[in-house]
Participant: 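Before we start, here is the structure in question, set down as structure tokens.
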Amino acid sequence: MSSIETPRPIRGTQDIFGADAEAFAHVVETFERVRKLYRFRRIEMPVFEKTEVFSRSLGETTDVVSKEMYSFEDRGGESLTLRPEFTAGIARAYLTDGWQQYAPLKVATHGPLFRYERPQKGRYRQFHQLDAEIIGAAEPQADVELLAMADQLLKELGIADGVTLQLNTLGDGDSREGWRAALVSYFRAHRHQLSEDSQDRLERNPLRILDSKDPRDKPFVADAPEIDDYLSGEAQDYFGKVCEGLQAAGVAWTRAPALVRGLDYYRHTAFEFVTDRLGAQGTVLGGGRYDGLIETLGGAHTPAVGWAAGIERLAMLVGGASEDVADCIVVVEEDALMQEGIRSVGLLRNGGLSAELLSSGSPRKRFDKAVKQQPRAILALSSQEGEVSSRFHGSDDDEGLIRAILSGNA
RNA sequence: GCGAUUGUAGCUCAGUUGGUUAGAGCGCCGGUUUGUGGUACCGGAGGUCGGGGGUUCGAGACCCCUCAAUCGCCCCA
């Protein structure tokens with residue numbers, strides 16, 4: 001026995017295996033397929049950026065910057081951050097790589113993201129998202145297109161039934177500020193009846209009081225001012241066109257007047273696809289229009305809209321994706337036939353069949369091990385009077401195919 | 001950062017009011033049985049009972065600390 005202590009995995013990371021890994025892959029493969037249907041172009045992005053890429057855009061929510069990001073200094077003393085989201089990095093690339101020339105640009109990507117949070121159901125420190133963005137498109141049709149793709153993705157994953165699209169508008173900049181001011185003065189008037197958390201939020205991030213989980217806040221939230229009363233004519237018109245477009249696209253949704261975004265750069269459309277099947281982490285896909293973001297990175301005013309979806313959460317909803325059984329397991333029942341076994345699986349794999357060689361452990365138990373795996377077919381190699389003899393277990397069709405491949409007649 | 005719950009074999013879990021040498025099933029390894037066959041039986045490996053301290057004649061069990069996991073709060077780009 002070794003006295004070396006095994007290193008533990010890092011909190012909030014996950015090692016995904018077997019059926020879970022198959023479900024994960026299924027989500028990604030479905031996304032790739034659907035994204036091509038909607039003609040979103042594939043991009044690959046770095047997993048880390050200069051810290052300012054993320055910190056500049058985050059606005060007033062200092063918690064996020066100081067506590068939730070994985071930041072570190074490189075050898076030159078530069079502060080770098082593991083990406084906590086895709087959008088800011090993509091916006092940076094849009095500016096630094098000259099992608100303006102492709103505007104309006106539809107892009108999609110997926111991969112790991114990092115947030116320094118306490119792990120719980122459906123929340124990890126390294127997690128994985130699908131992401132889709134349309135940059136340089138100011139028209140409501142862009143929002144519709146993006147939502148239609150999200151809707152089709154969930155349908156093709158077979159989880160649309162348990163998931164509803166909640167839709168809201170935050171209006172343009174002026175509408176948003178008017179609403180916000182009204183909310184602040186409304187909640188201030190009831191300040192001492194609010195929960196401690198919400199009294200705190202009143203100073204830091206008042207919009208967030210709207211989705212407080214504390215029962216003490218609920219009655220006040222119910223009577224709070226609604227965005228609709230503060231929308232400019234243009235903002236109203238914009239949201240109307242998004243709703244009409246969704247109707248035309250056949251996307252079902254419900255209005256969620258209290259749905260907000262935590263960050264300042266969001267304008268107009270905000271949305272979340274939500275389920276009640278994942279405990280406290282019900283949002284499965286979320287996004288909105290972020291017309292203000294690219295300016296915070298030093299670019300020209302550039303309208304854009306996007307969403308991201310948690311792959312783990314989608315995979316949990318998809319559930320029971322099973323690993324494929326082998327097309328054929330080759331059982332070497334005598335060690336003397338090892339080379340024949342190796343040759344056989346090689347031929348089968350070259351012939352396009354998934355094949356596994358079973359040649360270890362007690363020879364007389366190998367066949368039973370193969371049976372337990374429930375493959376489509378089993379080929380058992382043994383010898384009879386010095387000749388290699390193979391016994392087949394499976395359908396007649398498979399036997400014909402497999403014997404043809406092994407004899408070079410496929 | 002805060003709270004609740006849980007830590008016993010590779011996995012799922014038993015383990016009585018504190019009492020000899022800590023168990024089962026599955027999995028793994030080996031043997032026997034069967035021999036177109038997911039059988040049955042026998043045996044084996046594998047545990048400092050998450051870690052540290054304390055109470056006690058005696059702790060897997062009780063107390064304290066610590067670490068980890070799970071779920072929730074905060075936050076949510």
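Since this is a predicted model, take the numbers as computed values, not measurements. First the proteins, then the strands, lettered A, B, ... as listed; each starts at 1.
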Participant: Name all residues meeting the side-chain contact (heavy atoms from CB on, under 4.5 Å) criterion together with A:D20; count only those two or more places apart in sequence or in a different chain, and write none if there are none.
Facilitator: A:I16
Participant: For the pair made of CG in A:L278 and C1' in B:C71, what is the distance, rounded to whole Å?
Facilitator: 13 Å
Participant: Is it the case that B:G38 (base atoms only) and A:Q374 (side chain only) share a donor and an acceptor within less than 3.5 Å, ignoring hydrogens and angles?
Facilitator: yes
Participant: Can you tell me how far C1' in B:U56 sits from the matching atom in B:C62, rounded to whole Å?
Facilitator: 10 Å
Participant: Quickly work out the A:R289 CZ to B:A77 P distance and round it to whole Å.
Facilitator: 17 Å
Participant: If I take atom CG in residue A:L194 and atom C1' in nucleotide B:C74, what distance separates them, rounded to the nearest angstrom?
Facilitator: 16 Å
Participant: Using the C1' atoms only, state how far B:U16 lies from B:A22, rounded to an integer number of Å.
Facilitator: 15 Å
Participant: Expressed as a whole number of angstroms, how long is the span from A:L207:CG to B:C75:C1'?
Facilitator: 15 Å
Participant: Calculate the interatomic distance between A:Q120 atom CD and B:C73 atom C1'; express it in whole Å.
Facilitator: 8 Å
Participant: Hey, are A:D368 and A:K372 close enough for a salt bridge, meaning a charged N less than 4.0 Å from a carboxylate O?
Facilitator: no
Participant: Let me know, please, whether A:R8 or A:D197 comes out on the 5' side of the other along RNA chain B by nearest nucleotide.
Facilitator: A:R8
Participant: Could you tell me whether A:R125 sits above the aromatic face of A:Y116, with NZ or CZ closer than 6.0 angstrom to the six-membered ring centre and within 45 degrees of the axis?
Facilitator: yes
Participant: Among A:V345, A:L337, A:I342, which residue satisfies the side-chain contact (heavy atoms from CB on, under 4.5 Å) criterion with A:V330?
Facilitator: A:V345
Participant: Pick the C1' atom in B:G23 and in B:A40, then give their distance to the nearest Å.
Facilitator: 23 Å
Participant: If you compare all heavy atoms of A:L183 against all heavy atoms of A:A224, which two are closest, and at what distance to 0.1 Å?
Facilitator: CD2-CB, 3.9 Å
Participant: When rounded to the nearest Å, what value does the distance between C1' atoms of B:C67 and B:G53 take?
Facilitator: 14 Å
Participant: For a quick test of reading the model: is some side-chain N or O of A:R115 closer than 4.0 Å to OP1 or OP2 of B:C75?
Facilitator: no
Participant: Give a yes or no on whether a salt bridge exists between A:R366 and A:E333, defined as a side-chain N under 4.0 angstrom from a carboxylate O.
Facilitator: no
Participant: Could you give the distance separating B:G60 and B:U8 at their P atoms, to the nearest angstrom?
Facilitator: 15 Å
Participant: Please report the distance separating the P of B:A4 from the corresponding atom of B:C76, rounded so that it comes out in whole Å.
Facilitator: 25 Å
Participant: Can you tell me how far C1' in B:G51 sits from the matching atom in B:G58, rounded to whole Å?
Facilitator: 22 Å
Participant: Reading 5' to 3' and counting Watson-Crick or G-U wobble pairs with both distances under 3.5 Å, write the dot-bracket notation for RNA chain B, | for bases paired outside the strand.
Facilitator: (((((((..((((.....[...)))).(((((.......))))).....(((((..]....))))))))))))....
Participant: Return the 5'-most residue of the pair A:D211, A:E272 with respect to RNA chain B, ranking by each residue's nearest nucleotide.
Facilitator: A:D211
Participant: If the P atom of B:C42 is compared with that of B:A24, how far apart are they to the nearest Å?
Facilitator: 12 Å
Participant: Classify the ring geometry of A:W253 against A:F239: parallel below 30°, tilted from 30° to 60°, perpendicular beyond 60°.
Facilitator: perpendicular
Participant: Do we get A:R41 above A:Y102's six-membered ring, with its NZ or CZ under 6.0 Å from the centre and within 45° of the axis?
Facilitator: yes
Participant: Is the shortest side-chain N/O distance from A:K121 to OP1 or OP2 of B:U70 below 4.0 Å?
Facilitator: no
Participant: Are OP1 or OP2 of B:C76 and a side-chain N or O of A:N205 less than 4.0 angstrom apart?
Facilitator: yes
Participant: Would you state whether a donor and an acceptor, one from the side chain of A:R123 and one from the base of B:C71, lie under 3.5 Å apart?
Facilitator: no
Participant: Checking all strands, does A:R201 fall into the base, sugar-phosphate, or nothing category for heavy-atom contacts under 4.0 angstrom?
Facilitator: sugar-phosphate
Participant: From OH of A:Y70 over to P of B:C75, roughly how many Å is that when rounded to an integer?
Facilitator: 20 Å
Participant: If you look at every strand shown and take non-hydrogen atoms under 4.0 Å, does A:G286 touch a base, only sugar-phosphate, or nothing?
Facilitator: nothing
Participant: Hey, are A:E156 and A:R33 close enough for a salt bridge, meaning a charged N less than 4.0 Å from a carboxylate O?
Facilitator: yes
Participant: Considering just the side-chain nitrogens and oxygens of A:R118, establish if one lies under 4.0 Å of OP1 or OP2 belonging to B:U70.
Facilitator: no
Participant: Between A:R123 and A:E117, is there a side-chain N and carboxylate O pair less than 4.0 Å apart?
Facilitator: yes
Participant: Test your reading of the model: is there a side-chain donor-acceptor pair from A:S195 to the backbone of A:S198, 3.5 Å cut-off?
Facilitator: yes
Participant: Starting at atom NZ of A:K372, determine the distance to atom P of B:G38, rounded to an integer number of angstrom.
Facilitator: 12 Å
Participant: What is the per-nucleotide protein-contact pattern of nucleotides 29-37 of chain B, from the 5' end, where B denotes a base atom under 4.0 Å from a protein heavy atom, S denotes such proximity for sugar-phosphate atoms only, and - denotes neither?
Facilitator: SBBB-BBBB
Participant: Take atom CG of A:D291 and atom P of B:A77, then tell me their distance rounded to the nearest Å.
Facilitator: 17 Å
